[in-house]
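Step one of this worksheet: look at the structure below.
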Amino acid sequence: MPLLIVALGVVILLILIMKFKLNTFISLIVVSFIIALLLGMPLSDIVGSIESGLGGTLAGIALVFGLGAMLGKLIADAGGAQRIAMTLIDKFGEKNIQWAIVVASFIIGVALFFEVGLVLLIPIIFQIAKQVKMPILYLGLPMVAALSVTHGFLPPHPGPTVIAQEFGANVGLVLLYGFIVAIPTTIIAGPIFTKVAKKYIPSAFEKMGGGSMTEIGDAKQFKLEETPGFGISAFTALFPVILMAAATVVSLLEESFGGGNWFFDFIAMIGAPSTVMLLSILLAVYTMGIARKIPMKDVMKSAENSIKAIGMMLLIIGAGGALKQVLLDGGVGDYVAHIFEGSTISPLILAWLIAAVLRVAQGSATVAALTTAGLVIPLMQGSDVNLALMVLATGAGSIIASHVNDTGFWIIKESFGLTIKETFATWTVLETVISISGLAFVLLLSMIV
């Protein structure tokens with residue numbers, strides 16, 4: 001019954017948005033109330049669940065998205081994004097620009113959370129697409145594929161790191177096997193899938209921009225000599241990557257020295273996404289503004305305009321978090337867990353399958369992965385299954401079929417200005433391709449290691 005209620009809720013949501021043209025934020029909140037009532041949640045708990053879901057989601061990403069949007073806008077308005085775009089086009093050529101985006105996104109994705117990488121890269125992607133007159137999605141899909149793969153398979157991202165701890169797997173092996181799985185998966189889900197998607201959903205590839213985040217990258221065109229140098233532009237854009245990568249290396253050293261040292265605590269604070277983005281925006285104010293003798297008033301105007309562009313997107317993402325929280329508090333995850341009790345399927349496939357069903361049912365990849373870990377640990381007793389591969393199989397399952405109960409779905413929809421149908425046909429399918437490809441490569445690897 002809980003799964004039927006979830007399905008009914010999704011149908012109602014789609015009808016409200018697509019048929020009645022009700023605002024997406026309002027529709028998500030309305031459906032959250034409906035599902036909470038149908039799941040039999042106590043009336044006194046419903047409002048609190050919705051508020052905590054919305055607040056918890058925005059608490060995690062509002063600072064990152066807000067400061068990231070400002071950073072992207074400052075780099076774009078100063079001509080830095082145009083300089084980076086033109087240099088990449090010049091070095092790789094228009095023909096290979098998609099592969100340049102995949103490589104850059106993969107490298108950035110290793111160090112940064114999905115949302116941080118997205119807000120950093122979209123202004124640059126937008127500028128490149130504008131320069132070479134390509135649809136934004138032709139470069140955007142390979143970008144989000146690389147970011148999603150690294151987020152799902154590679155430590156130090158929270159999902160694979162925490163699952164590795166739950167299983168007692170060697171994090172170094174998870175990282176090694178993760179790269180072996182992630183690279184071919186990114187190629188399949190990125191450039192190859194994009195070519196296929198362009199044929200069956202051409203309307204999505206007719207857009208040259210129009211989403212909330214692409215507005216941030218939409219700056220005036222400069223003569224190349226008027227733009228900041230490539231070095232300082234790239235350094236400003238990649239400063240969050242550098243800070244987070246350095247913090248990660250220091251945190252690995254902490255294991256050798258033991259915890260409780262104020263220095264390591266300080267570095268952990270500096271390396272937190274919110275702190276990283278704050279320091280990055282302060283750097284950008286100097287490199288893209290003060291150092292170029294742009295009046296502070298103009299610099300701050302760019303920052304303010306960037307927030308106007310993402311205001312509604314943040315509310316929609318928060319409402320997606322509210323729906324996810326209702327599903328969790330309503331016991332949907334527990335119901336799915338009960339279905340798989342006593343199963344005798346191969347541990348690798350079972351871990352993937354449980355994580356996949358949990359992901360589709362309640363939306364959160366991290367919750368799906370962690371719940372799966374708790375369920376399959378008893379089933380692994382006496383089995384000689386590779387623990388690192390179990391981590392990757394669980395991660396692959398938790399990525400599948402992102403849809404309306406996942407905040408990532410709304411981030412992609414609003415960022416690229418897609419319709420719900422186009423988001424299903426591109427992002428939801430892309431996540432499923434990543435999940436299935438990831439499982440396939442994990443199973444192949446299990447025959448060797």
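Here CE of M277 is found 11.0 Å from CG of L282. Values are rounded to the nearest 0.5 Å. We find the OH-CG distance between Y177 and N386 to be 5.0 Å, quoted to the nearest 0.5 Å. Between F25 atom CZ and E414 atom CD the span is 12.5 Å, to the nearest 0.5 Å. Residue L392 holds its CG atom at 11.0 Å from CG of L443, rounded to the nearest 0.5 Å. With values rounded to the nearest 0.5 angstrom, I35 atom CD1 is found 11.0 Å from M41 atom CE. Note that CG of L14 and NZ of K421 are 13.0 Å apart. Values are rounded to the nearest 0.5 Å.
Not a single donor-acceptor pair under 3.5 Å links the side chain of N405 to the backbone N or O of G320. A donor-acceptor pair is defined here as one N or O able to donate and one able to accept, closer than 3.5 Å; no such pair exists between the side chain of E115 and the backbone of V64. The backbone N or O of I26 lies less than 3.5 Å from a partner atom in the side chain of N23, making a donor-acceptor pair. Judged by distance alone, the side chain of K21 and the main-chain N or O of M18 form a donor-acceptor pair under 3.5 Å. Between the T150 side chain and the L147 main chain, a donor and an acceptor come within less than 3.5 Å of each other. Without hydrogens or angle criteria, H151 side chain to G109 main chain gives no donor-acceptor distance under 3.5 Å. Checked by atom type and distance alone, the side chain of W410 pairs as donor or acceptor with a backbone atom of V404 at under 3.5 Å. When atom types are taken as modelled, the side chain of Q127 and the backbone of I124 share no donor-acceptor pair closer than 3.5 angstrom. At distances below 3.5 Å, not a single donor-acceptor pair connects side-chain atoms of S148 with backbone N or O atoms of V144. Under the 3.5 Å distance criterion, the side-chain polar atoms of S49 are left unmatched by any main-chain donor or acceptor of D45.
Between A322 and I29, the shortest heavy-atom distance links the atoms CB-CD1, 4.4 Å. E94 and V132 get closest at one heavy-atom pair: CG-CG1, 3.5 Å. For the residue pair T275 and I270, the shortest heavy atom distance occurs at CB-O, 3.7 Å. Looking at every heavy atom in both residues, A303 comes nearest to L74 through N-CD2, 4.4 Å. Nearest heavy atom pair, residue V299 against residue G289, reads CG2-CA, 3.7 Å. Closest approach of T394 to A351, counting heavy atoms only: OG1-CB, 3.5 Å.
In this structure, the side chains of L71 and T236 come closer than 4.5 Å at one or more pairs of heavy atoms. Using a 4.5 Å heavy-atom cutoff, the side chains of L328 and V332 are not in contact. With contacts defined as side-chain heavy-atom distances shorter than 4.5 Å, the pair L141/F205 qualifies. I411 is not listed as a side-chain neighbour of I316, based on a closest heavy-atom distance of 4.5 Å or more.
With sequence neighbours excluded, the residues forming a side chain to side chain donor-acceptor pair (under 3.5 Å) with S435 are W352, listed by chain and number.
Using a 4.0 Å cut-off between charged side-chain N and carboxylate O, D406 and R359 make a salt bridge.
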Pairs of donor and acceptor atoms involving the side chains of residues 193-200, under 3.5 Å and at least two apart or interchain, shall be tabulated with distances.
from: T194; atom 1: OG1; to: G190; atom 2: O; distance (Å): 2.7
from: Y200; atom 1: OH; to: A425; atom 2: O; distance (Å): 2.4

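Checked against a 6.0 Å centroid threshold, the rings of F424 and F409 count as neighbours.
None of V11, V10, I17 except one satisfies the side-chain contact (heavy atoms from CB on, under 4.5 Å) rule with L13; the exception is I17.
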